[in-house]
Amino acid sequence: MAELVKGLEGIIASNTKVSSIVGDQLTYAGYEIDDLTENASFEEVIFLLWNFRLPNKEELENLKSQLIEYMNLHPRMYSHFEDYTADAVHPMTGLRTSLSYLAHFDPRADEFNEDAHMDKAIRIQAKVASLVAAFARVRQGKEVVKPKKELSYAANFLYMLFGEEPTAIQEEGFNKALILHADHELNASTFTARVAVSTLSDMYSGVVAAAGALKGPLHGGANEQVMKMLSEIGSIDNVEDYINKKIENKEKIMGFGHRVYKNGDPRAKYLKEMSCKITDETGHKELFEMSVKIADLLKEKKGLLPNVDFYSATVYHSMGIEHDLFTPIFAVSRTSGWIAHILEQYNDNRIIRPRANYIGEVGRKYVPVEER
Ligand SMILES: CC(=O)SCCNC(=O)CCNC(=O)[C@H](O)C(C)(C)COP(=O)(O)OP(=O)(O)OC[C@H]1O[C@@H](n2cnc3c(N)ncnc32)[C@H](O)[C@@H]1OP(=O)(O)O
Ligand SMILES: O=C([O-])CC(=O)C(=O)O
């Protein structure tokens, strides 16, 4: 049998045309992330990831209007949020359940052809935004806000969350954040999605499985933990002691390190820039300064660099977003990548079924329970 590679490090488990990481360069279907972050809308990136080309004007308009139409949820979807809020469920737990519940109201959930796949893709991508925003409002005892036809995906999300249309600057920043989180080759949650649908299970199953994987603090859950760490540290004067203690205790520092990038995550520079600007504008500058100090110390002492989750935390915090919504917002964006990989898996499928190296006892004989 082949040699065990713990964590499947370096193993190529799939072909893909969705995204690629070469050195510290990330591309979506051949377009550099810098180009897309500066110039594209999130809707264009969704289309690109699902079709491997940018949409023409008509295709883009169609996608935008379908997304907005599908952002409206079934009335029973709205009412089910009450169950979560009564039990103070973490929004990522709630989102995982809600994504699964969505399938109950999709008459084509188990239909298996290209047209049905694309319909499901748009539905899920649209509704994931409404689910996160509605959950947040219902638990605050606020009315849910329905999307507006004339707003972009990014603006609609913020509108549905806050009940107020974002400024152009807020919309632009959030659009960039959505693009930066959209896809990332064979990360843990995307691989999970591929494994689930490689059994030819439906798209909802793939997305639900992926959301479960994203939730963990070693993956998408790290952004919420970054904010927890900053709150624990409290002020810039405490940074050095806190970090030294963590290093001494061999504890992981959230928002740092990466399986693939060893010279830095190319997405982090955008989020750092955004964090610098928005913390200044909103009176949270010390959080940015603390973040930079943490990053400097970790680089010096451990050679560790920030990943996408580090500076996104202070960006979202400064936008007034509750900390436990950071990972669900990551999921809103990453749904586009999960779906792209699910579609690709369907198109060239073989069940994903590796082997395990058995290290347990052998040759044992059954003993009746009275004799044990
Ligand atoms: C969107 C995303 O998923 S980005 C990643 C988000 N996750 C985090 O920020 C959580 C913190 N980071 C980590 O746990 C890891 O760096 C991961 C999960 C991202 C990558 O894990 P792996 O590739 O398995 O690296 P691994 O955990 O083996 O780390 C290699 C070495 O660097 C150390 N290291 C890696 N990341 C960190 C960290 N954040 N803090 C402290 N030490 C770290 C490890 O302790 C290990 O040291 P050792 O060789 O002395 O034991
Ligand atoms: O690729 C990974 O392992 C994690 C990551 O950065 C992402 O999913 O965006």
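Counting starts at 1 for both ligands and their atoms, in listed order.
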Next item on the list: Just say parallel, tilted or perpendicular for the rings of F326 and H323, cut-offs at 30° and 60°.
Entry: tilted
Next item on the list: Indicate yes or no for a side-chain donor-acceptor contact from T27 to the backbone of S19 under 3.5 Å, with no hydrogens or angles considered.
Entry: no
Next item on the list: Provide the number and element of each atom of ligand 1 under 4.0 Å from a heavy atom of A222.
Entry: 6 (C), 7 (N), 8 (C), 9 (O)
Next item on the list: Please confirm whether the backbone N or O of I233 pairs with a side-chain atom of N238, one donor and one acceptor, at under 3.5 Å?
Entry: yes
Check: Under a single-linkage definition using a 4.5 Å side-chain heavy-atom cutoff for Ile, Leu, Val, Met, Phe, Trp and Tyr, are L60 and Y31 assigned to the same hydrophobic cluster?
Finding: no
Note to self: Is atom 31 (C) of ligand 1 touching the protein, meaning some protein heavy atom lies under 4.0 Å away?
What the structure shows: no
Margin query: So, regarding E251 and ligand 1 (criterion: nitrogen or oxygen to nitrogen or oxygen, under 3.5 Å), is there a contact or not?
Written below: no
Notebook entry, point to check: Within less than 4.0 angstrom of ligand 1, does G255 place any heavy atom?
Noted result: yes
Notebook entry, point to check: What is the nearest protein non-hydrogen atom to atom 5 (C) of ligand 1, stated with its residue, atom name and distance?
Noted result: N307 ND2, 3.4 Å
Next item on the list: Within a distance under 4.0 Å of any heavy atom of V308, pick out the atoms of ligand 1 and give their elements.
Entry: 1 (C)
Notebook entry, point to check: Is L218 near ligand 1, meaning one of its heavy atoms is under 4.0 Å from it?
Noted result: yes
Checklist line | K252 N/O under 3.5 Å from ligand 1 N/O | finding: yes
Return all side-chain donor-acceptor pairs below 3.5 angstrom for residues 148-156, not counting sequence neighbours, or 'none' if the list is empty.
| unit_1 | atom_1 | unit_2 | atom_2 | d |
| --- | --- | --- | --- | --- |
| K148 | NZ | E165 | OE2 | 2.6 |
| S152 | OG | A155 | N | 3.0 |
| S152 | OG | E171 | OE2 | 2.7 |
| Y153 | OH | Q125 | O | 2.6 |
| Y153 | OH | Q125 | NE2 | 3.1 |
| N156 | OD1 | K148 | N | 2.8 |
| N156 | ND2 | K148 | O | 2.9 |
| N156 | ND2 | L151 | O | 3.4 |

Item checked: Under-4.0 Å heavy-atom contact between protein and atom 38 (C) of ligand 1 -> yes
Notebook entry, point to check: Is there a donor-acceptor pair closer than 3.5 Å between any side-chain N or O of R372 and the backbone N or O of V367?
Noted result: yes
Next item on the list: State whether any protein heavy atom lies less than 4.0 Å from atom 21 (O) of ligand 1.
Entry: no
Notebook entry, point to check: Between M160 and M319, is there a shared hydrophobic cluster once you connect ILVMFWY residues whose side-chain heavy atoms come closer than 4.5 Å?
Noted result: yes
Next item on the list: Could you tell me whether a side-chain N or O of S333 sits under 3.5 Å from a main-chain N or O of L178, the two making a donor and an acceptor?
Entry: yes
Checklist line | Polar side-chain atom of T282 near backbone of I278 as donor-acceptor pair, under 3.5 Å | finding: yes
Next item on the list: Decide side chain to side chain contact (heavy atoms under 4.5 Å, CB included) for V132 and F157; before the verdict, give the C-alpha distance in whole Å, the side-chain angles of both, and the deciding distance to 0.1 Å.
Entry: CA-CA 9 Å; V132 174; F157 177 78; 3.9 Å; yes
Next item on the list: Just need the protein heavy atom nearest to atom 40 (N) of ligand 1, so name the residue and atom and give the distance.
Entry: I253 N, 2.9 Å
Notebook entry, point to check: Looking at atom 18 (C) of ligand 1, would you say a protein heavy atom lies below 4.0 Å from it?
Noted result: yes
Next item on the list: Below 4.0 angstrom from a heavy atom of D309, which ligand 1 atoms are there? Numbered from 1 as shown, please.
Entry: 1 (C), 2 (C), 4 (S), 6 (C)
Checklist line | Q25 side-chain N/O to V22 backbone N/O, donor-acceptor pair under 3.5 Å | finding: no
Margin query: Determine whether any protein heavy atom is located less than 4.0 Å from atom 51 (O) of ligand 1.
Written below: no
Next item on the list: Determine, counting only non-hydrogen atoms of the protein, whether one lies under 4.0 angstrom from atom 48 (P) of ligand 1.
Entry: no
Check: Is the closest side-chain heavy-atom distance between K301 and N244 below 4.5 Å?
Finding: yes
Margin query: Within the protein, is there a heavy atom lying under 4.0 Å from atom 27 (O) of ligand 1?
Written below: yes
Next item on the list: Kindly assign one of parallel, tilted or perpendicular to the pair H219 and F330, based on the angle between their ring planes and the thresholds 30° and 60°.
Entry: perpendicular
Notebook entry, point to check: For ligand 1, is any non-hydrogen atom under 4.0 Å from L304's backbone (N, CA, C, O), its side chain (CB onward), both, or neither?
Noted result: side chain
Next item on the list: Tell me which protein heavy atom sits closest to atom 11 (C) of ligand 1, plus the residue, atom name and distance to 0.1 Å.
Entry: F256 O, 3.3 Å
Next item on the list: Start with the C-alpha distance between E172 and K176, add both sets of side-chain angles, then the distance that settles salt bridge (charged side-chain N to carboxylate O under 4.0 Å, His left out), and finish with yes or no.
Entry: CA-CA 6 Å; E172 189 195 321; K176 277 193 195 338; 3.5 Å; yes
Next item on the list: Name all pairs fulfilling the ring pair (Phe, Tyr, Trp, His ring centres under 6.0 Å) condition that reach into residues 223-276, sequence neighbours left out, sorted by first residue then second.
Entry: H184-H258, H184-Y261, F256-F310, H258-Y261
Margin query: So does A177 get a backbone contact from the side chain of H181, meaning a donor-acceptor N/O pair under 3.5 Å?
Written below: yes
Next item on the list: Give the numbers and elements of all ligand 1 atoms closer than 4.0 Å to a heavy atom of R259.
Entry: 20 (C), 22 (P), 23 (O), 24 (O)
Check: Who's the nearest protein heavy-atom neighbour of atom 3 (O) of ligand 1, and how far?
Finding: H219 ND1, 2.6 Å
Check: Between K302 and ligand 1, is there a nitrogen or oxygen pair with a distance under 3.5 Å?
Finding: no
Margin query: Show me the pairs that pass ring pair (Phe, Tyr, Trp, His ring centres under 6.0 Å) and involve residues 113-144, at least two apart or across chains.
Written below: Y84-F135, F112-H117, H117-Y346
Checklist line | Side-chain donor or acceptor of H341 paired with backbone N/O of W338 under 3.5 Å | finding: no
Notebook entry, point to check: Contact residues of ligand 2 with a heavy-atom cut-off of under 4.0 Å?
Noted result: H184, N187, H219, H258, R267, R334
Margin query: If the cut-off is 4.0 Å to any non-hydrogen atom of F330, which atoms of ligand 1 fall inside it?
Written below: 1 (C)
Item checked: Part of A188 with heavy atoms under 4.0 Å of ligand 1, whether side chain, backbone, both or neither -> neither
Next item on the list: Evaluate the 4.0 Å heavy atom contact test for atom 7 (N) of ligand 1: does a protein atom fall under the cut-off?
Entry: yes
Item checked: P217 touching ligand 1 at heavy-atom level, < 4.0 angstrom -> yes
